[in-house]
Protein chains: 2
Amino acid sequence: MTQIVSFRNHSTPSGMPPLSVHDLRTGCSTCSMRELCLPVGLDNDDMVRLDQIIRRRRRVPKGHLLYRAGDPFVSLYAIRLGHFKTYQTHREGTQQITGFLMTGEMLGMDAISSEVHQCDAMALEDSEVCEIPFSQLEQLFSEIPTLLRQFHRMMSHEITREQGVMLLLGSMPADQRFAAFLVNLSSRYAVRGFSASSFHLRMGREEIGNYLSLTIESISRLLSKFKKMEILKVDNRTINITDLPRLRRVAAGTETI
Amino acid sequence: MTQIVSFRNHSTPSGMPPLSVHDLRTGCSTCSMRELCLPVGLDNDDMVRLDQIIRRRRRVPKGHLLYRAGDPFVSLYAIRLGHFKTYQTHREGTQQITGFLMTGEMLGMDAISSEVHQCDAMALEDSEVCEIPFSQLEQLFSEIPTLLRQFHRMMSHEITREQGVMLLLGSMPADQRFAAFLVNLSSRYAVRGFSASSFHLRMGREEIGNYLSLTIESISRLLSKFKKMEILKVDNRTINITDLPRLRRVAAGTETI
DNA sequence: CGTGAATTTGACCAATCTCAAGCCTGGTGG
DNA sequence: CCACCAGGCTTGAGATTGGTCAAATTCACG
């Protein structure tokens, strides 16, 4: 692992072509399940069956909840378009964000065990998801072994991702955490065919701080520090990484500030 | 969730009878996979097929590695007896412990996605595991749907557990973290039919500190503090919880110290 | 332009770490 | 059986990172 932290890594196996704008417009082709099956030799019949299940779409406007903690678990959701955050709520009020998810990533896997959703999932912008009824998916597993295998990879990948966050929260100082966060976003946008160096933050400083267990003030100070170091330019929520290699070194702890 | 933190929760669905000493002596009956299938109506035939796969046992002496990061992923392991820790290694030297596992719990699920183990697994005492070759398990999935469903629950449960640790590392002060750690151990021993109030720590202060992202000194001070508060008694690595309700309140943050 | 929310910046504070010393404890050899 | 040693643990004092509080600034948007 050259990159120690891997927040929510893209769910796409490496080697997969990045999504094109065309993909974003046609059917459910950005759904994780479908994506994941393309490179592993599902035949056309299988694809059709998969599509029959995941065809249902649902729009979620900015700020609205896709599901909330306590809801019965019925479906997994693959993000077709947009961004989400997942968070758990403590005692009245305090929330802890457990992940930021983008196009092609999957929501709801943590609910399989208890059959109840463990967190809220909120759209950070107007978004659209594919609903995948889990019981139907399970049926399909028996018919399409490849699909099952990919599903296992996704679950396992989520476990690995969370271990990365544990590592980050557990043993990185603030600057390293934040750098790792930015590097992670950058890679995930790159995989999706967007710029790795310039992107728009869909979440506010407060949400970033919450996720990284830092205060909003710390995030702000770190942004200023990175700006001064000429690692990046900031225009409100637009980030422009001017020295990605250095940012990576900061994230890795190789370069102390 | 009354108990906010759920480190490595027991993998047994609630309502399952705790393991008896008898269980510990007969065959592979403590393997997670087997355990998990008992209450969900696997018939005898299925059970036999499962046993054929998981029959292979392996002893791991204290301090030895079951697998190490980078090893190719071949099997999952269910702990038959003993305790393990899993940890990732940073740059030369530093390690971050990601979990402590006990009898009946499963190791290796994080390796499915990459087909390479992501962490080292070391025995904290002389231990014994059942080896479950994953490819054979996959074959069995198609024959025994119930088994597959249980497997998904286990994966999902691991995701939930890690979210709990994220919550813990992200938003709890030191005393709360350590209390949560002890409450968690206590519950897991209770489920296994051991005393909830008195148990032996298999890991040193340093390992606890590493897991909770606290220094060894902090752990030591917290032990002293809890002793003074008459929440517990400590004799070396033997913990005796004298006021579990209060410890729970500290863990929950209800009772500030 | 005006208004409230989000962000930035500064000064100070507190939780936790670091460093350093001393203390048990269990194992070993005389 | 006892003394000694090494490793792990405890305790104290001071340093640091990141948090808190407060004020100033900028931005989004009507």
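In what follows, every chain begins at residue 1, and chains take the letters A, B, ... in the order their sequences are listed. Predicted, not measured: the structure shown is a model, and the values here were computed from it.
- In this structure, the nucleotide among D:dT10, D:dG12, D:dA22 sitting nearest to the side chain of B:S224 is D:dT10.
- Atom NZ of B:K233 sits in a sparse spot, with 12 or fewer heavy atoms from other residues, nucleotides or ligands closer than 6.0 Å.
- With distances taken from any side-chain atom of A:L214 to the nucleotides D:dG18, D:dC27, C:dC17, the minimum falls on D:dG18.
- As a whole-Å value, the separation of B:M172 CE from C:dT16 P is 13 Å.
- Straight-line distance from the CZ atom of B:R205 to the P atom of C:dC23: 18 Å, rounded to whole Å.
- When the nucleotides D:dG18, C:dC17, D:dT10 are ranked by their closest atom to the side chain of B:S220, D:dT10 comes out on top.
- At most 12 non-hydrogen atoms from other residues, nucleotides or ligands lie less than 6.0 angstrom from NZ of A:K62.
- Between B:Y211 and the options B:F100, B:Y87, B:F178, a ring pair (Phe, Tyr, Trp, His ring centres under 6.0 Å) holds for only B:F100.
- Between the side chain of A:R221 and the base of C:dG10 there is at least one donor-acceptor pair of N/O atoms closer than 3.5 Å.
- Summarising the local packing, CZ of A:R68 is surrounded by 12 or fewer heavy atoms from other residues, nucleotides or ligands at distances under 6.0 Å.
- You won't find any donor-acceptor pair under 3.5 Å spanning the side chain of B:R177 and the base of C:dT16, going by distance alone.
- With rounding to whole Å, A:D175 atom CG is found 7 Å from D:dG18 atom P.
- Between B:L244 and B:S186 there is a side-chain heavy-atom pair separated by less than 4.5 Å.
- The distance from atom CD of A:E217 to atom P of C:dT7 is 11 Å, rounded to the nearest whole Å.
- Considering only side-chain N and O atoms, A:T215 lies under 4.0 angstrom from the phosphate OP1 or OP2 of D:dG19.
- When each of D:dT11, C:dT16, D:dC9 is scored by its nearest atom to the side-chain atoms of B:S218, the top-ranked nucleotide is C:dT16.
- Using a 4.0 Å cut-off, some side-chain N or O of B:R237 falls inside it from OP1 or OP2 of D:dC9.
- The distance from atom CG of B:L201 to atom P of D:dG8 is 15 Å, rounded to the nearest whole Å.
- Look at CD1 on A:I216: it is 13 Å from C1' on D:dG19, rounded to the nearest Å.
- Going from atom CG of B:D235 over to atom P of D:dT10 covers 11 Å, rounded to whole Å.
- As a whole-Å value, the separation of A:Q176 CD from D:dG18 C1' is 15 Å.
- Put simply, A:N236 has a side-chain N or O that comes within less than 4.0 Å of OP1 or OP2 on D:dA28.
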